[in-house]
Amino acid sequence: MKRLRRHGQESQRDRIKQELFQFNKAMEHGFPHQPSALGYSASLQLLAIGTRSGAIKLYGAPGVEFMGLHDENAAVTQVHFLPYQAGLVTLLDDNSLHMWTLRAHKGLSELLEIGRFTLTGPPGAPPSVTRVTAVLPHSSGELLLLGTEGGHVFIVEVPGFREVEERNISLDQVASSVPDDYIGRRNLEHVEALQENPVDPDQVVIGYGRGLMIIWDLEKRCAMQHIPATQQLESVWWTDDGSYILSSHSDGSYCQWIVGREDVNEEEEKSDIPYGHFPCKAISKIVQLPTKEGPPFLLFSGGMPRASYGDRHCITVIHSKTHVALDFTSRIIDFFVIKDGPQNTGDPSALVVLVEEELVVIDLQTAGWPIIQTPYLVPLHSSAITCSHHISAIPLKLWERIVATGDLQNTHYSKKPWPITGGQNLAPDPPQRDLLLTGHEDGTVRFWDASGVCLYPMYKLSTAAVFQTDTDPNDNMNQSTEGEWPPFRKVGCFDPYSDDPRLGIQKIHLCKYSGYLTVAGTAGQILVLELNDETAEQTVEAKVVDLLQGQEGFRWKGHTRLDVREDPVLFPPGFQPFALVQCQPPAVVTALTLHSEWKLVAFGTSHGFGLYDYQQKNNVLIKCTLNPSDQLAMEGPLSRVKSIKKSLRQSFRRIRRSRVSLRKHHVNNAAKLQDANARLEAELAEMELAPVQRKIEARSSDDSFTGLVRTLYFADTFLSDSSHNTPSLWAGTNGGCVFAYMLRVPSIEHRTEEAVTAQPAKEIQLMHRAPVVGIVVLDGHGAPLPEPLEVAHDLSRSPDMHGSHHLLVISEEQFKVFTLPKVSSKMKLKLTAMDGSRVRRVGVAWFGSSRTEDYGESGLMVLTNQGDVHVVSLPTVKMQVHYNCIRREDVSGIASCVFTKHGQGFYLISPSEFERFSLSTCNLVEPHCLIEAPLQSGTSTQHRPQPSRARNARQESEDAEVLQEIQKSLEADQT
């Protein structure tokens, strides 16, 4: 009977787990790492980006996103959409071609790979014959022209990738149509460019590396015209009216050629070197687009004077009398221009530029050509990310104030709407407003709307103005000198260089109810800020905290503290600092927490922790946790490099000595090794360890950084006796020590006059001395205590103060529950660590049921150094589920992980991208979008070639065969 009851309880528990927990890697936020190719479909209004890792990502209207990954570990070198179809072709650097399609499934579109193809040459031919260098999807949507390194052009049918050998254009055919004097002077080299005549789809221009361009008639299968350029060819552009061809070259020049004249020669070309006759870099791409009224737009990338500006990454835009060289901060991958009108037939409206570190969109119809703010693909790493902080369910009032403050920062952006509008976003509206805050190396904190599919930038806070740095607050990237040539204009926000690495933000804590924010940095600085809707001029005074407390024999060898500005600083609307705490020594702040109801901030470093009253601007508590034998904690990150080198030298010496001793005593050591192994097996057999646990080895108190403060926690709980609750501060260190302080916080009426006091109450030393990574107090019902002011805003029930409270201490190796106020051990859970697992991140989350809205459970989300995520039940501290989430080799990804209060998480998969995952069945954010096949209007199809009768007949035959196969399979299913 007991066995049946237990089985019933287990099955019920399994059912509840299925209702609460489900692992999903929902999507990626940010800018793709190492982009390598760009594509655009005017008919679908979709943008495609390929990366060096083989990923392909599609973007349309905000919220419309797709991602695919090639099986091959090869870089995407080209991306081309098929005209008037929901499909695209990718070329990888392993010379393989891949066909992708957007297929509807259950009312939503999904990106699928439906075919792959590699050109094969004749037997014995060198690989260069079929090495693809240029790809042209024909406007018929049925053919793909592939130019190769050997100079041949292969024609294949799509989507089936069937080579049409009789229509291939061989190098011999081209050479026979070119005058002998041209062929005699040079060989043609590879096919550099392929372009279709916009008004006659039977004609294409083939551009060869040495400069020759051939206009080829696909129907007549012969050359119509040859254009004998003399410079190395970089790109080709056929004007919209079909009357001219533009070519750009390696010497920084471009030429304009008349189409249709048989007597074109080198002297009659219209050639121009835009930036003078000094040696210039190549113009890698050129585009000319007409306007309905006025002169055309001319755009090209490169062409800068090699000696003076060879290191600049520029795109030049020339229209009428306006000439601007857009100067980007990273290498240009590709660009395209969006035109007005449903079929992309109007005037140029926006220039879209993909550079190595960001996507920049420029409004070409507004005076001054301002930048259009991107709703996605924002470079998270415009300055390197140093920390993250997530806040769920932001109150509407605070949200609106942050949005309004951010709008004031964005006045330099264009008012035009986002020009890429393909697809339909069918995702439901987010159930709540979520913020993701990222701290950066340059001392900025960026606020992101993390509620939905798009990680949208809201507001940027800079802390550098508080300190004396080399930064000029009046610097403007967009300023250019009058009369400067070339006429440079800085664009883009990617700026990886920090004026002072000490400004880097290491910890962030925001109270969503009061609007108070505290941030801490690399040089021991802690700022407390409040949201102000008006500009304010004020001086911020530093309160110095000596964490060493007069201990002798220690000398700080790291960086110096930041100097605070003595003059008043004009702070713009937004979060403005009003208090500053400076730790001495100025070590990196490792722990930070804020209690806005008590007006207190707690902070910790590798030397100790402190408590600061930001209402009275006084220090309440200073505690030194430094181990007298810990010299590394006094060296700082810069001096530590020397210690690492020294330890490496010692390790190599030990290895050499051990090798020598092994040679001398090889036989004896082998016998000793066998004995040791036998003893070890016997000891393990006697231990009788549970299969899911392991023995936790005690650590030495002499280990480095044992005094480093890992976690800080405020709680209103029972410390002195079980009948009187009191405010308290808890601190956990790297050496497995937990300090508890009882706080006396005056009532609101006397808060400004009476001082907050703190006295030591408890001290716990974990037996195994593993670092303490989290502390949670559970109320009488076993629920985690609510956040400060959460009960006051009626967003949480009051904690139970009648039953016994419990203290949960999470170390790297186990979860241990203590009773309060006696602090006696009640239960514990050892982490499964046969492979050396250790806890790296913890966070309390609420998991709602997918079946009933009334049921849910609190759980502890845990991330280990193996990249696994676990959910531990509260208050029973039992393992519920575990999933593989992050690669164990991805140390930076594990270190960057941040959990949300509703069962989600973010971690960096690259310096510029967050991966978003969820463990909750009812809290999942992922794209839901639909792409419809574009309609072919009469204006766009009048020049498109119709498929031949033979192709129609073949297609009908193939369709009949498919129908027969389907019918046969249905009959087989019935029988």
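The structure displayed is predicted, hence computed values, not measured ones. All residue numbers in this chain count up from 1 along the given sequence.
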Stepwise side chain to side chain contact (heavy atoms under 4.5 Å, CB included) test for Ile245 and Trp237
CA-CA 6 Å; Ile245 288 176; Trp237 180 261; over 6 Å; no
Should the ring pair Phe906 and Phe914 be called parallel, tilted or perpendicular, given that the plane angle runs from 0 to 90° and is split at 30 and 60?
perpendicular
Taking all non-hydrogen atoms of both residues, which atom of Ser349 and which atom of Asp340 are closest, and how far apart?
CB-OD1, 3.3 Å
Under the 3.5 angstrom rule, does the side chain of Arg916 hit a backbone N or O of Val453 as a donor-acceptor pair?
no
Between Thr444 (side chain only) and Ser462 (backbone N and O only), is there a donor and an acceptor less than 3.5 Å apart?
no
Is there a donor-acceptor contact under 3.5 Å linking the side chains of Thr51 and Ser36?
no
Using every non-hydrogen atom in the two residues, find where Pro137 and Pro83 come nearest and quote the distance to one decimal.
CB-CD, 3.9 Å
Side-chain contact test, heavy atoms from C-beta onward, threshold under 4.5 Å: evaluate it for Ile420 versus Tyr376 and give yes or no.
yes
Salt-bridge present (Asp240, Lys339; N to O < 4.0 Å)
yes
Flag this pair as yes if the NZ/CZ of Lys285 is under 6.0 angstrom from the six-membered ring centre of Phe335 and inside a 45 degree cone about the axis; otherwise no.
yes
Give a yes or no on this: more than 12 heavy atoms of other residues, nucleotides or ligands lie within 6.0 Å of atom CD of Glu537.
yes
Donor-acceptor under 3.5 Å (Ser383 side chain, His440 main chain)
no
Heavy-atom donor-acceptor pair, Tyr309 side chain to Cys314 backbone, under 3.5 Å
no
What closest approach, in Å, do Phe575 and Leu529 show between heavy atoms, and which atom pair accounts for it?
O-CD2, 3.8 Å
Leu570 backbone acceptor or donor facing Gln576 side chain under 3.5 Å:
no
Please report the interatomic distance OH(Tyr40) to CD1(Ile338), rounded to the nearest 0.5 Å.
4.0 Å
May I ask you to decide if Arg103's main-chain N or O and Ser109's side chain share a donor-acceptor pair within less than 3.5 Å?
no
So how far is it from Phe494 CZ to Glu358 CD, rounded to the nearest 0.5 Å?
8.0 Å
Would you say Ser392 and Arg433 are linked by a side-chain donor-acceptor pair, where the criterion is simply a distance under 3.5 Å?
no
For the rings on Trp485 and Tyr275, is their centre-to-centre separation under 6.0 Å?
yes
List the steps, then state whether salt bridge (Lys or Arg N to Asp or Glu O under 4.0 Å) holds for Arg312 with Asp327.
CA-CA 7 Å; Arg312 300 287 185 104; Asp327 190 6; 2.7 Å; yes
Under a 3.5 Å cutoff, is there a donor and acceptor pairing between the side chains of Lys460 and Gln409?
no
Test your reading of the model: is there a side-chain donor-acceptor pair from Thr518 to the backbone of His509, 3.5 Å cut-off?
no
Taking atom types as modelled, is there a side-chain donor on Asp347 or Gln365 under 3.5 Å from an acceptor on the other?
no
Ring-face cation of Arg565 near Phe467 (centre distance under 6.0 Å, axis angle within 45°):
no
Under 3.5 Å, is there a donor-acceptor pair linking the side chains of Thr421 and Gln45?
yes
Does Glu913 offer a backbone N or O that forms a donor-acceptor pair with the side chain of Glu28 under 3.5 Å?
no
Can you label the angle between the Trp369 ring and the Phe297 ring as parallel, tilted or perpendicular, going by 30° and 60°?
tilted
Check each of Trp399, Trp448, Phe447 against Tyr459 using the ring pair (Phe, Tyr, Trp, His ring centres under 6.0 Å) test, and report the only one that passes.
Phe447
Give a yes or no on whether the backbone of Ala393 and the side-chain of Asp434 come within a donor-acceptor separation of less than 3.5 Å.
yes
Any side-chain donor-acceptor pair under 3.5 Å between Ser43 and Ser41?
yes
Quick test of your reading of the model: are Glu356 and Arg52 salt-bridged, counting only N-O distances below 4.0 Å?
yes
Assess, by modelled atom type and distance only, whether the side chains of His80 and Gln78 contain a donor and an acceptor separated by less than 3.5 Å.
yes
Expected output: side-chain Ser912 to main-chain Glu357 donor-acceptor under 3.5 Å:
no
Val898 and His389: which non-hydrogen atoms are nearest, and at how many Å?
CG2-CA, 4.4 Å
